[in-house]
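Everything on this sheet refers to the single structure shown next.
Please read these numbers as outputs of a predicted model, since none were measured by experiment. Here is the naming used below: chain letters follow the sequence lines, and residue numbers restart at 1 for every chain.
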There are 2 protein chains.
Amino acid sequence: MALANTFKALSDPTRREILNLLGVRPLSAGEIGAHFSMTGATVSHHLAILKDAGLVFDRHEGKYIFYELNLSVFEEVLNWFQTFLDQKGDSHEEAEKK
Amino acid sequence: MALANTFKALSDPTRREILNLLGVRPLSAGEIGAHFSMTGATVSHHLAILKDAGLVFDRHEGKYIFYELNLSVFEEVLNWFQTFLDQKGDSHEEAEKK
DNA sequence: CTATCGTTTAGACGTTCATCTAAATGAAAC
DNA sequence: GTTTCATTTAGATGAACGTCTAAACGATAG
């Protein structure tokens, strides 16, 4: 299931920090790595997981590879959460759908 | 960090299915276990993780222990997601909040 | 074409995770 | 109190994870 990968990707603090960085603006793999004390190989591994989860996409630009947030997947997960709140809300409150 | 535990808890399909079941109504550990083909011990383990993540709470009632969704944590995570959408949306679009 | 720079892949290592079986706890009923 | 039923805890096992070093790949610059 897609959600499994997404939540697994989000469960790591390093990866969430990467997403925070990319929230400001797209960054190359090297720029992202500069924010952490780990190996470039490790950062690349995290980026691959984020990409696999659909949370980011990459754009090759000459010598560099830029990573960027993929907001549509954020919206998907947001919807998943809202089903719980809606579902629960409807059960003890008169429902008016939007 | 709290988010780490929450996302780790949500990354397992079994635990997400448990949350779905609890979305309908609170259930005892036994009732939850009846929906799966695993050992009761394993289900208990998953419930402990969900409880630790704050996604559910338990209520002791005689011989049984009932589990129930804790919606406030759902809302917290939902807010975390919305910061990304808001942040990004504001940067390239004139923001008008709903 | 060869050297260089940015990034990824391969393989290894210790840790964490999901699951099991077996034993322990806790509450109710006899 | 002893038995019974619901649930959890303890300990074990194999798979997955985060990290590293070393090697490979890809694109640009000499």
With the side chain counted from C-beta on, respond yes when Thr42(A) and Phe36(A) share a heavy-atom pair under 4.5 Å apart, and no when they do not.
-> no
Phosphate-side-chain proximity, Ser28(B) and dT7(D), N/O vs OP1/OP2 below 4.0 Å | yes
Which part of the nucleic acid, if any, lies within contact of Gly30(B), taking any heavy atom under 4.0 Å across all strands shown: a base, the sugar-phosphate backbone alone, or nothing?
-> sugar-phosphate
Between Phe81(A) and Phe81(B), how do the two ring planes meet: parallel, tilted or perpendicular, split at 30° and 60°?
-> tilted
Hey, does Phe66(A) reach any base, or is it just sugar-phosphate, or nothing, if we go heavy atoms under 4.0 Å?
-> nothing
Check Leu10(A), Asn70(A), Asn5(A), Ile18(A) against Leu55(A) for a side chain to side chain contact (heavy atoms under 4.5 Å, CB included) and give me the one that passes.
-> Leu10(A)
So which nucleotide from dG18(D), dA18(C), dC20(D) ends up closest to the side chain of Ile49(B)?
-> dA18(C)
For His46(B) and dC20(C), give me the distance from atom NE2 to atom P, rounded to whole Å.
-> 8 Å
From CZ of Phe36(B) across to C1' of dA18(C) the rounded distance in Å is 14 Å
Thr6(B) side chain reached by Val77(B) side chain, heavy atoms, under 4.5 Å | yes
Between Glu75(A) and Ser72(A): side-chain donor-acceptor atoms closer than 3.5 Å | no
Leu27(B) vs Phe66(B) side-chain heavy atoms within contact, under 4.5 Å = no
Return the value, rounded to whole Å, for the distance between atom CG of Asp52(A) and atom C1' of dA16(D).
-> 14 Å
Shortest side-chain distance from Thr39(A), nucleotide among dT21(D), dT8(C), dG18(D) | dT21(D)
Could you tell me whether Gly62(A) contacts a base, only the sugar-phosphate backbone, or nothing, with contacts defined as non-hydrogen atoms closer than 4.0 Å?
-> sugar-phosphate
To the nearest angstrom, the OH-C1' distance between Tyr64(A) and dT8(C) comes to 17 Å
How would you label the contact of Ala41(A) with the nucleic acid (heavy atoms, under 4.0 Å): base, sugar-phosphate, or nothing?
-> base
Could you give the CE-to-P distance, from Met38(A) to dG18(D), as a whole number of Å?
-> 10 Å
Could you say whether Arg15(A) or Glu61(A) is positioned toward the 5' end of DNA chain D, judged by the nucleotide with the nearest heavy atom to each?
-> Arg15(A)
Indicate whether OP1 or OP2 belonging to dT8(D) is found under 4.0 Å from a side-chain N or O atom of Tyr67(B).
-> yes
Nearest to the side chain of Thr42(B), which nucleotide is it out of dC20(C), dC20(D), dT8(C)?
-> dC20(C)
Sidechain N-carboxylate O distance under 4.0 Å for Arg15(A), Glu17(A) | no
When you check the phosphate oxygens OP1 and OP2 of dG26(D), does a side-chain N or O of Lys63(A) lie under 4.0 Å from one of them?
-> no
Among dT7(D), dA18(C), dT7(C), which is the nearest nucleotide to the side chain of His45(B)?
-> dA18(C)
Helical stems, DNA chain C - three or more consecutive Watson-Crick or G-U wobble pairs below 3.5 Å | C:1-30 with D:1-30
Between CG of Leu47(A) and P of dG18(D) the distance, given in whole Å, is 13 Å
Winner on side-chain proximity to Ser44(B), out of dT8(D), dT21(D), dC20(C), is dT8(D)
With a 4.5 Å heavy-atom cut-off, do Glu31(A) and Arg25(A) have their side chains touching?
-> yes
In whole Å, what is the span from the CD1 atom of Ile65(A) to the C1' atom of dT9(C)?
-> 13 Å
Atom pair distance, as rounded to whole Å: CG in Leu50(A) and P in dC17(D) = 14 Å
